> 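My questions will all concern the structure given below.
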Amino acid sequence: MQDLRNSTVVVTGASSGIGLALALAFARQGAKLVLAARQQEPLRDAARLCEEAGSPRALPVPTDVSDASQVTALAQEAAAAFGRIDVWANIAGVAAAGPFESIPMETQAQLVAINLTGVMNGSHVALKHMLGSGGGQGVIINMASIAGRVPQPFTAAYSASKFGVAGFTDALRCEALARSGVQVCGVYPSFVDTPALRHAANYTGRGLRPVPPVLDPAVVAERIVQLARAPRRAVHVGAPNRLVPVYALAPEIVGRLIGWLGMRFLLHHGPPAAASNGTILAPMADGVGMRDGWGGATQRRAQHLGLLATVGIATFLLGRQLIARSSAGASARR
């Protein structure tokens, strides 16, 4: 198990949400940090908080992860400041909700550039460093999502980007382990209580709300720190990951159910809201904290009830399908 004290850790998306929670979690382990996000002031605030939490030094480096040249400069600054890169965490990400045809393609293309190409940009420079001056050792951690295991209707580009991250991470892991000790790991959380909804592009016509149940970003961050200390292929955080085997057995039934629930949840409920590109095309000053207040005890109970209802319906429909298949098979044998 790797000791993280005085290790060098790069975290992208470090100014808010899971990225900020992760930076603080690594700081408490005594790691030296290089923090990346698009806005300078929130990064400086995050660096100060990390040094107060126990990091020997936290270096803020404003970076747009969709720009390969900026990510290359980020790696160069990290190596120049600390001499090595032990852990690189690709956490930066954005979302867009609404019917696919209603969301401008410019917005969806930039989402993919941030969520998928940004992960590839970070992995590219991290792997180069780890194979070279890193001595063939290190850990690359890529943020995927439950939406990269089970499709998420009405966020099609987001789901596409996360399926892309999942496939890329597994492929790169196999490649890296074939020729080095570099570990490449994926993280698959369900919905997390962060400012992500404020940052998301919204073309639903309604105010966005989280998909239950909602995780605390600190819990996700601690699981990622554990992954850095004892790397493995993937970590899955949150109860909705239990739907993955159900979806694998009956993708058509479960997919239709998720589509119907998504339509009702995103398009037909909630207060009216104007269309917005959120932070996809440009950052905003608002919403740079770790949490966004979706994690109250009463709401968590309601969210778990909603999840149980969803699982129950999915299981019922799956059971019906299996019974129908069994009956058809029996009829054919007769």
Side-chain angles (χ1 to χ4, degrees), residues 2-65 67 70-94 114 118 122 125-126 129 139 141 143 187 189 192-199 215-229 278-279 282-295:
Q2 182 177 342
D3 183 5
L4 296 173
R5 183 167 296 280
N6 289 317
S7 62
T8 301
V9 179
V10 178
V11 180
T12 71
S15 64
S16 68
I18 298 173
L20 177 57
L22 182 59
L24 289 168
F26 276 122
R28 288 190 287 270
Q29 296 291 319
K32 293 174 286 189
L33 294 165
V34 182
L35 308 181
R38 286 179 290 181
Q39 295 191 87
Q40 188 168 34
E41 286 306 315
L43 271 182
R44 288 177 177 172
D45 292 341
R48 174 181 52 79
L49 290 173
C50 287
E51 290 180 351
E52 291 173 356
S55 174
R57 185 183 174 196
L59 176 65
V61 182
T63 306
D64 181 344
V65 297
D67 185 329
Q70 291 190 38
V71 180
T72 298
L74 170 66
Q76 290 171 344
E77 288 206 42
F82 301 120
R84 68 181 194 272
I85 300 171
D86 300 297
V87 179
W88 186 293
N90 290 303
I91 309 299
V94 291
I114 294 170
V125 296
H129 176 87
V139 182
I141 298 171
M143 179 58 67
V187 183
V192 186
D193 178 20
T194 71
L197 291 182
R198 281 197 248 172
H199 297 174
L215 297 167
D216 188 313
V219 171
V220 180
E222 287 300 329
R223 294 292 298 275
I224 297 173
V225 168
Q226 292 172 18
L227 194 60
R229 297 181 66 199
T279 64
M284 63 171 66
D286 186 34
V288 293
M290 187 189 305
R291 300 177 181 86
D292 209 31
W294 293 105

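Along the sequence shown, residues are numbered consecutively beginning with 1. In this text, all values refer to a predicted model and were calculated from it rather than measured experimentally.
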> Search all heavy atoms of Ala75 against all heavy atoms of Ile85 and return the closest pair with its distance.
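Smallest interatomic distance, heavy atoms only, reads O-CD1, 4.0 Å.
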> May I ask you to test the Val71-Thr63 pair for a side-chain heavy-atom distance under 4.5 Å?
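Sidechains of Thr63 and Val71: in contact.
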> Taking salt bridge (charged side-chain N to carboxylate O under 4.0 Å, His left out) as the test, write out the residues that go with Glu52, two or more places apart.
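Salt bridge (charged side-chain N to carboxylate O under 4.0 Å, His left out) list for Glu52, sorted by chain: Arg48.
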> Heavy atoms, side chains only, cut-off 4.5 Å: are Ile114 and Val65 in contact?
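Side chain of Ile114 against side chain of Val65, heavy atoms only: contact under 4.5 Å found.
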> Where is the tightest heavy-atom contact between Ala37 and Ser15, given as atom of each residue plus distance?
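Closest heavy-atom pair between Ala37 and Ser15: CB-OG, 3.5 Å.
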> Of the non-hydrogen atoms in Ala228 and Leu4, which two are nearest, and what is the gap between them?
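Smallest heavy-atom distance, with atoms named: CB-CD2, 4.4 Å.
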> Looking at Ile18, Asn90, Thr12, which one forms a side-chain contact (heavy atoms from CB on, under 4.5 Å) with Met143?
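Option passing the side-chain contact (heavy atoms from CB on, under 4.5 Å) with Met143: Ile18.
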> Please report the interatomic distance CD1(Ile224) to CD1(Ile141), rounded to the nearest 0.5 Å.
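Ile224 CD1 to Ile141 CD1: 6.5 Å, rounded to 0.5 Å.
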> Are side-chain heavy atoms of Leu24 and Cys50 found at a separation under 4.5 Å?
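Yes, close enough: below the 4.5 Å cut-off.
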> Under a 4.5 Å cut-off applied to non-hydrogen side-chain atoms, are Leu74 and Val10 in contact?
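Sidechains of Val10 and Leu74: in contact.
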> Minimum heavy-atom separation for Glu77 to Leu59, with atom names?
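So the two residues come closest at O-CD2, 4.2 Å.
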> Do Arg38 and Thr279 have side-chain heavy atoms sitting under 4.5 Å apart?
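They are in contact (side-chain heavy atoms under 4.5 Å apart), so the answer is yes.
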> Determine the minimum heavy-atom distance between Pro56 and Gly30, stating which atoms define it.
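Pro56 and Gly30 have their closest heavy atoms at CD-O, 3.3 Å.
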> Enter the distance from Gln29:CD to Arg5:CZ here, rounded to the nearest 0.5 Å.
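With rounding to 0.5 Å, CD (Gln29) is 8.0 Å from CZ (Arg5).
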> Can you tell me how far CG of Leu35 sits from CG of Leu22, rounded to the nearest 0.5 angstrom?
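So the CG of Leu22 and the CG of Leu35 are separated by 9.5 Å.
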> Does Asp86 reach the side chain of Val9, with side-chain heavy atoms less than 4.5 Å apart?
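The answer is no; the side chains never approach within 4.5 Å.
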> Would you confirm whether Asp292, through its side chain, and Asp193, through its main-chain N or O, come within 3.5 Å as a donor-acceptor pair?
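The answer is no, because no donor-acceptor pair under 3.5 Å joins these two groups.
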> Using every non-hydrogen atom in the two residues, find where His129 and Gly83 come nearest and quote the distance to one decimal.
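Scanning both residues, the minimum pair turns out to be CE1-O, 4.2 Å.
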> Is there a donor-acceptor pair closer than 3.5 Å between any side-chain N or O of Thr194 and the backbone N or O of Gly17?
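No.
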> Find the distance between CH2 (Trp294) and CG (Leu215) and round it off to the nearest 0.5 Å.
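CG of Leu215 is found 15.0 Å from CH2 of Trp294.
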> Working to the nearest 0.5 Å, report the span between CG of Leu20 and CE of Met290.
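Going from the CG atom of Leu20 to the CE atom of Met290 covers 4.5 Å.
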> Do the side chain of Arg223 and the main chain of Pro189 share a donor and acceptor less than 3.5 angstrom apart?
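Between the backbone of Pro189 and the side chain of Arg223 there is no qualifying donor-acceptor contact (under 3.5 Å).
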> Kindly compute the distance separating CZ (Phe26) from CZ (Arg229), expressed to the nearest 0.5 Å.
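So the gap between those two atoms works out to 10.5 Å.
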> With side chains defined as the heavy atoms from C-beta onward, is the minimum distance between Thr72 and Gln76 less than 4.5 Å?
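Contact flag for Thr72/Gln76 side chains = yes.
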> A side-chain contact here means heavy atoms from C-beta on lying under 4.5 Å apart; do Gln40 and Pro60 qualify?
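They are not in side-chain contact.
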